[in-house]
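Notes to accompany the following structure.
All residue numbers in this chain count up from 1 along the given sequence. Computed from a predicted structure; not experimentally measured.
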Amino acid sequence: MSLPYGFMLASNGHIIVDPEKANIIKTIYQQYLSGMSLGGISDFLFEHKIPSPKGKDRWTQPVLSNALSNQKYIGYSMCCSSICRLPSE
């Protein structure tokens, strides 16, 4: 099973938030909502030496776009073809 960036599998088998990577996702959203372009966000992450999910030096624009449009980051999950709102922290 492939988990979205910022989530990890705990030893008990539950999916939990990876705090360090979750903060990177929050930063990406903050930069985007402040008006920064995907290219600008990529440059920002590169300048701050934050590797991409695949461990590369640069985040690509498609990877950033996918992250910004991933429903799981705003609290939605698909279950049996139904969209469910996940409880907030």
Side-chain angles (χ1 to χ4, degrees):
M1 167 174 55
S2 176
L3 296 173
Y5 185 82
F7 292 92
M8 61 186 178
L9 199 57
S11 59
N12 63 5
H14 293 169
I15 297 171
I16 60 172
V17 171
D18 177 333
E20 183 180 337
K21 291 179 179 174
N23 281 332
I24 294 168
I25 292 296
K26 287 179 187 177
T27 299
I28 290 169
Y29 270 89
Q30 289 168 345
Q31 298 295 333
Y32 185 74
L33 292 173
S34 73
M36 190 175 284
S37 68
L38 296 179
I41 296 169
S42 177
D43 291 343
F44 174 87
L45 295 169
F46 178 75
E47 290 165 8
H48 287 85
K49 298 183 180 4
I50 299 171
S52 77
K54 301 269 186 195
K56 298 187 179 193
D57 289 341
R58 279 203 173 267
W59 289 63
T60 63
Q61 291 184 26
V63 169
L64 290 168
S65 180
N66 287 339
L68 289 167
S69 63
N70 188 330
Q71 295 288 309
K72 290 174 183 70
Y73 294 133
I74 58 172
Y76 288 96
S77 180
M78 286 292 288
C79 178
C80 303
S81 300
S82 298
I83 297 177
C84 305
R85 177 81 171 131
L86 300 175
S88 56
E89 295 179 310

Worksheet item: How long is the span from the CD1 atom in Ile50 to the OG atom in Ser52, to the nearest 0.5 Å?
Response: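 The OG atom of Ser52 is 11.5 Å from CD1 of Ile50, to the nearest 0.5 Å.
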
key: Gap between atom CG of Leu45 and atom CD1 of Ile41 - 0.5 Å precision   =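 Taking CD1 in Ile41 and CG in Leu45, the distance rounds to 7.5 Å.
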
**Request:** Check Ile25, Asp18, Val17 against Lys21 for a side-chain contact (heavy atoms from CB on, under 4.5 Å) and give me the one that passes.
**Result:**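 Exactly one pass, corresponding to Asp18.
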
Next item on the list: Check whether any side-chain heavy atom of Ile24 sits under 4.5 Å from a side-chain heavy atom of Tyr5, and report yes or no.
Entry: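 Contact flag for Ile24/Tyr5 side chains = yes.
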
Heavy-atom check, side chain of Val63 versus side chain of Pro53, under 4.5 Å: yes

Between Leu64 and Leu38 the two heavy atoms that sit nearest each other are CD1-O, 3.3 Å

Donor-acceptor under 3.5 Å ([X] side chain, [Y] main chain):
| X | Y | result |
| --- | --- | --- |
| Tyr29 | Leu68 | yes |
| Ser42 | Trp59 | yes |
| Ser69 | Ser65 | yes |
| His48 | Phe44 | yes |

Quick test of your reading: applying salt bridge (charged side-chain N to carboxylate O under 4.0 Å, His left out), list the pairs with at least one residue in residues 46-63, sequence neighbours left out, ordered by first then second residue.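 Qualifying pairs, neighbours excluded: Asp43-Arg58.
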
| request: May I ask you to check whether over 12 heavy atoms, not counting those of Phe7, lie within 6.0 Å of atom CZ? | output: yes

